[in-house]
Each structure stands twice: as structure tokens, then as C-alpha cells.
A.B. asks: 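Pasting a structure here, questions to come.
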Amino acid sequence: MTGARLATGIWVAAYLHRLQLAGIPAYVIAKGDTTAGAVLVKLARMDGTACAYTRRFDFEQDARVWDVLCDGPEVEVDAAISRQRSFDSDLWVIELEDARGRHLLDEDGLG
């Protein structure tokens with residue numbers, strides 16, 4: 001990893017601000033470690049389905065990338081998030097609500 005790492009609390013605040021500017025409702029469901037906690041983003045599509053995204057470092061690309069943890073009925077996505085929280089107490093969980101499926105995670109600066 002070549003670049004400096006941004007504290008998680010600062011990244012979350014910036015992400016929430018971008019979502020607000022885009023008119024996408026977002027809520028911090030679980031607050032993790034402000035310095036180095038991992039982040040999980042849940043996108044509720046408002047139709048009973050959801051998708052959960054986790055961030056990892058891809059050494060081949062030398063970049064952070066977002067992977068789908070779980071996609072499907074919202075109750076199943078919530079169960080997957082609960083399992084993640086059960087073994088990572090430093091995990092941040094951010095929930096978005098957007099019927100169009102927007103999450104902005106593919107925008108520059110959010111990797």
C-alpha cells in the first residue's frame with residue numbers, strides 16, 4: 001500500500017456528506033473504531049431487497065475496492081451484517097435508502 005490511510009471516522013463523515021448532497025438518505029447503524037475500523041455499506045432498495053458492500057485492499061490494483069458481501073432479500077442481508085458485527089466490534093455499518101440503487105461507492109475518492 002503506497003498512500004497514506006485516511007482515518008475511518010473522517011472517511012465516513014465525507015461519505016455521508018456526499019450522500020446528503022446527492023439526496024440519498026443515509027444512517028450510521030453501528031459506529032466502529034474511528035481510526036481503523038472497517039466499513040460495511042448496506043443499500044436498501046426500498047422494494048424489500050438490499051445489498052451489502054465491504055471494502056478490501058486489492059494488491060494487484062494497489063487500490064481499495066468494494067465487494068458485494070450479500071445481495072438479495074433485505075432480511076438475508078441484515079442477517080449477513082449481523083454475522084459480520086458478531087466477530088468485528090470495530091465495524092462501521094452505514095445504511096442507505098435509494099430506490100434507484102445509488103450508493104456512490106464507485107465515485108473517485110471513495111475507494
Side-chain angles (χ1 to χ4, degrees):
M1 194 158 59
T2 58
R5 188 167 175 194
L6 187 64
T8 306
I10 294 170
W11 185 92
V12 168
Y15 181 51
L16 292 173
H17 184 69
R18 278 201 192 180
L19 292 166
Q20 180 184 28
L21 291 174
I24 301 171
Y27 313 92
V28 175
I29 302 302
K31 184 176 179 180
D33 183 273
T34 58
T35 304
V39 177
L40 187 148
V41 174
K42 174 189 170 189
L43 170 62
R45 296 184 191 103
M46 312 304 292
D47 64 356
T49 67
C51 187
Y53 300 90
T54 59
R55 189 171 60 166
R56 68 174 171 84
F57 191 79
D58 184 319
F59 290 98
E60 289 183 16
Q61 296 180 33
D62 192 33
R64 294 191 181 281
V65 296
W66 289 93
D67 289 330
V68 173
L69 170 71
C70 185
D71 190 359
E74 191 166 3
V75 49
E76 291 178 14
V77 173
D78 288 339
I81 293 169
S82 291
R83 285 190 297 276
Q84 292 290 352
R85 290 272 308 145
S86 72
F87 62 82
D88 186 355
S89 62
D90 291 333
L91 181 67
W92 288 78
V93 179
I94 301 169
E95 182 169 341
L96 321 177
E97 295 177 345
D98 190 72
R100 296 184 344 209
R102 298 175 299 156
H103 51 65
L104 309 183
L105 296 172
D106 49 358
E107 288 190 354
D108 288 339
L110 289 176

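All figures in this text were calculated on a predicted structure; none of them were measured in a lab.
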A.B. asks: Please give me the minimum heavy-atom distance between D58 and E60, naming the atom from each residue.
C.D. replies: OD1-N, 2.9 Å
A.B. asks: Any side-chain heavy atom of D78 sitting closer than 4.5 Å to one from K42?
C.D. replies: yes
A.B. asks: Indicate yes or no: at least one non-hydrogen side-chain atom of L96 is less than 4.5 angstrom from one of Y15.
C.D. replies: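 Yes, side chains in contact.
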A.B. asks: What I want to find out is whether R56 reaches D67 closely enough, with some N-O distance under 4.0 Å, to be called a salt bridge.
C.D. replies: yes
A.B. asks: Taking A22's backbone N and O only, do any of them form a donor-acceptor pair with R102's side chain (distance below 3.5 Å, no angle check)?
C.D. replies: yes
A.B. asks: Going from CZ on R64 to CZ on R55, what distance comes out if it is rounded to the nearest 0.5 angstrom?
C.D. replies: 5.0 Å
A.B. asks: Could you state the interatomic distance from CH2 (W66) to CG (L104), rounded to the nearest 0.5 Å?
C.D. replies: 11.5 Å
A.B. asks: Does a side-chain heavy-atom distance below 4.5 Å link D98 with L43?
C.D. replies: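 Counting from C-beta outward, D98 and L43 do come under 4.5 Å.
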A.B. asks: So, are R45 and D71 salt-bridged, with charged N and O less than 4.0 Å apart?
C.D. replies: yes
A.B. asks: For the residue pair A44 and E95, what are the closest heavy atoms and their distance?
C.D. replies: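 Closest approach of A44 to E95: CB-OE2, 4.0 Å.
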A.B. asks: In the single-linkage hydrophobic clustering (I, L, V, M, F, W, Y; side-chain heavy atoms under 4.5 Å), do V28 and V39 co-cluster?
C.D. replies: yes
A.B. asks: V68 and V41: same hydrophobic cluster, using ILVMFWY side-chain contacts below 4.5 Å?
C.D. replies: yes
A.B. asks: Is T49 close to P73 at the side-chain level, that is, under 4.5 Å between some pair of heavy atoms?
C.D. replies: no
A.B. asks: In the single-linkage hydrophobic clustering (I, L, V, M, F, W, Y; side-chain heavy atoms under 4.5 Å), do I10 and W92 co-cluster?
C.D. replies: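 Yes, same cluster.
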A.B. asks: Which distance, rounded to the nearest 0.5 Å, do you find between the CD of E74 and the CE of M46?
C.D. replies: 8.0 Å
A.B. asks: Share the residues that join V93 in a hydrophobic cluster, the rule being Ile, Leu, Val, Met, Phe, Trp or Tyr side chains under 4.5 Å apart at the heavy-atom level.
C.D. replies: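 Its cluster partners, ordered by chain and number, are Y27, I29, L40, L69, V77, I81, L91.
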A.B. asks: Is any side-chain heavy atom of L16 closer than 4.5 Å to one of Q20?
C.D. replies: no
A.B. asks: Using 0.5 Å steps for rounding, measure from the CZ atom of R85 to the CG atom of D90.
C.D. replies: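 If I round to the nearest 0.5 Å, the distance is 8.5 Å.
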A.B. asks: Could you report the tightest heavy-atom contact between F87 and Q84, atom names first, then the distance?
C.D. replies: CZ-OE1, 3.0 Å
A.B. asks: Backbone N or O of G9 within a donor-acceptor pair of the T34 side chain at under 3.5 Å?
C.D. replies: no
A.B. asks: Which atom pair, heavy atoms only, marks the closest approach of G23 to P25?
C.D. replies: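 What the structure gives for the nearest pair is O-CD, 3.5 Å.
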